[in-house]
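Here is the structure we will look at.
Worth saying up front: this structure is predicted, and the values here are computed from it rather than measured. Quick note: residue numbers are just sequence positions, from 1.
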Amino acid sequence: MTRDERPLRAVPAPIWVALAAALAAQLAWRVAHAPAAPSAADLPPAPSLQALRLASFGEPPVLARLAMLYLQAFDYGGTNATPYARLDYARLTGWLDAILELDPRSEYPLFAAARIYAENPDPARSRAALEFVYREFFADPDRRWPWLAHAALLAKHRLNDLPLARRYAAAIDRHTRSANVPLWARQMEIFVLEDMNELEAARILLGGLLESGAIRDPDEARFLQLRLEELERRLAARPPK
């Protein structure tokens, strides 16, 4: 390296921002002036991780952000009446997976999967995005739990799939260890079990949570104790089988 050359990491952050903005603007211009809009189903397969690393020139987080810009700009050139409705979700999740491997600390691929692509009105595509979030959660549960919590809510309220919501909620409870994970996230499985009318399972989980000593806030402990007593009353009121 000559004295006039500098490593990429020495380039100021504003220059990278300007580069990303210029790339996004170029993509938008090309889409707006394209003679024929491509089908969103034409999303190409994701490059290999090795190819992406070579193309990053030692700056994987920068390339990861540019790849996300490309991925989201691609659909705007498609012939979709509803955004993302016709994307090939196998290829889409392949891109998200590659980008996340390129920059594992980035939360944007998981945010996009849970908050954008999972909103697809097609249940099969929505499930594919949610399953991507579930698979990637296990690589870093204490940082990635918010996106799996959102996935549980979507499974419950959009897909009306309580067993799926329970699977996601249970993963948060079983695999997070950080004190920064809020108790409401760890309690999600209990609430889903109540919705499933699995009252005995909900009672066992809630009783175990109270006995564990993990709840240090007196008001929260009282609230959960009241819920436990309500569950026990509902169970007692059930006719014998």
Rounded to the nearest 0.5 Å, what's the gap from CG on Leu224 to CG on Leu183? Could you check? 8.0 Å
Let me see the working for Trp184 and Phe191 under ring pair (Phe, Tyr, Trp, His ring centres under 6.0 Å), right down to the final yes or no. CA-CA 10 Å; Trp184 68 260; Phe191 304 138; 9.4 Å; no
Is there side-chain contact between Phe111 and Ile116, with heavy atoms separated by less than 4.5 Å? yes
pair Thr176-Phe137: side-chain heavy atoms closer than 4.5 Å: yes
Test item: Leu130 and Leu159 side chains (from C-beta on) under 4.5 Å apart, heavy atoms: yes
Just verifying a value: how many Å separate Phe132 CZ and Leu96 CG, rounded to the nearest 0.5 Å? 4.5 Å
For the residue pair His175 and Phe138, categorise the inter-ring angle as parallel (less than 30°), tilted (30 to 60°) or perpendicular (more than 60°). perpendicular
Compare every heavy atom of Ala113 with every heavy atom of Ala129, then report the nearest pair and how far apart it is. CB-O, 3.7 Å
Leu71 side chain near Leu69 side chain, heavy-atom distance below 4.5 Å: no
Using 30° and 60° as the class limits, which term best fits the ring planes of Tyr134 and Tyr168: parallel, tilted or perpendicular? tilted
What are the two closest non-hydrogen atoms of Ala185 and Ile172, and how far apart are they? O-CG2, 3.8 Å
I'd like to know whether CZ of Arg233 has more than 12 heavy-atom contacts from other residues, nucleotides or ligands below 6.0 angstrom. yes
Closest non-hydrogen atom pair between Ala118 and Ser126, with its separation: O-OG, 2.7 Å
Heavy-atom closest contact (Ser178 atom, Arg186 atom, distance): O-NH2, 2.7 Å
Could you tell me whether the side chain of Leu100 reaches within less than 4.5 Å of the side chain of Arg144, counting heavy atoms only? yes
Show your working on side-chain contact (heavy atoms from CB on, under 4.5 Å) between Gln187 and Leu206 and close with a plain yes or no. CA-CA 8 Å; Gln187 296 164 12; Leu206 184 51; 6.0 Å; no
For residues Glu194 and Ile190, determine if any side-chain heavy atom of one lies less than 4.5 Å from a side-chain heavy atom of the other. yes
Co-members of the apolar cluster containing Leu52 [side chain, <4.5 Å]: Leu49, Leu63, Leu102
Salt-bridge criterion met for Glu230 and Arg227 (N-O under 4.0 Å): no
Is Arg238 close to Leu199 at the side-chain level, that is, under 4.5 Å between some pair of heavy atoms? yes
Interatomic distance, CG@Leu110 vs NE2@His150, rounded to 0.5 Å, equals 12.0 Å
Mind listing the closest non-hydrogen atom pair of Ala139 and Pro141 along with its distance? C-CD, 3.9 Å
Looking at Arg91 and Leu43, would you say the former's side chain and the latter's main chain have a donor-acceptor pair under 3.5 Å? yes
Would Asp142 and Asn180 satisfy side-chain contact (heavy atoms from CB on, under 4.5 Å), going step by step from the backbone distance to the final call? CA-CA 8 Å; Asp142 288 335; Asn180 294 325; over 6 Å; no
Are more than 12 heavy atoms, taken from residues, nucleotides or ligands other than Arg167, located less than 6.0 Å from that residue's CZ atom? yes
How far does CZ of Arg53 sit from CD of Glu101, to the nearest 0.5 angstrom? 7.0 Å
Which value, rounded to the nearest 0.5 Å, describes the distance between Glu232 atom CD and Arg234 atom CZ? 12.5 Å
Lys/Arg-Asp/Glu bridge criterion (N-O < 4.0 Å) met for Asp97, Arg135: no
Trp95 (side chain) donor-acceptor with Pro44 (main chain) under 3.5 angstrom: yes
As a test of understanding, state which of Ile204, Leu162, Leu231, Leu205 forms a side chain to side chain contact (heavy atoms under 4.5 Å, CB included) with Leu193. Leu205
Report the distance from atom NE2 of His157 to atom CG of Asp195, rounding to the nearest 0.5 Å. 7.5 Å
Heavy-atom check, side chain of Arg143 versus side chain of Glu107, under 4.5 Å: yes
Are Ile99 and Leu54 connected, step by step, through hydrophobic side chains (Ile, Leu, Val, Met, Phe, Trp, Tyr) whose heavy atoms are closer than 4.5 Å? no
Taking every non-hydrogen atom, the tightest pair across Met188 and Ala169: CB-CB, 3.7 Å
Polar side chain donor-acceptor pair, Tyr89 to Asp122, under 3.5 angstrom: no
Could you go step by step and tell me if Glu119 and Leu154 meet the side-chain contact (heavy atoms from CB on, under 4.5 Å) rule? CA-CA 8 Å; Glu119 297 287 343; Leu154 287 178; 3.6 Å; yes
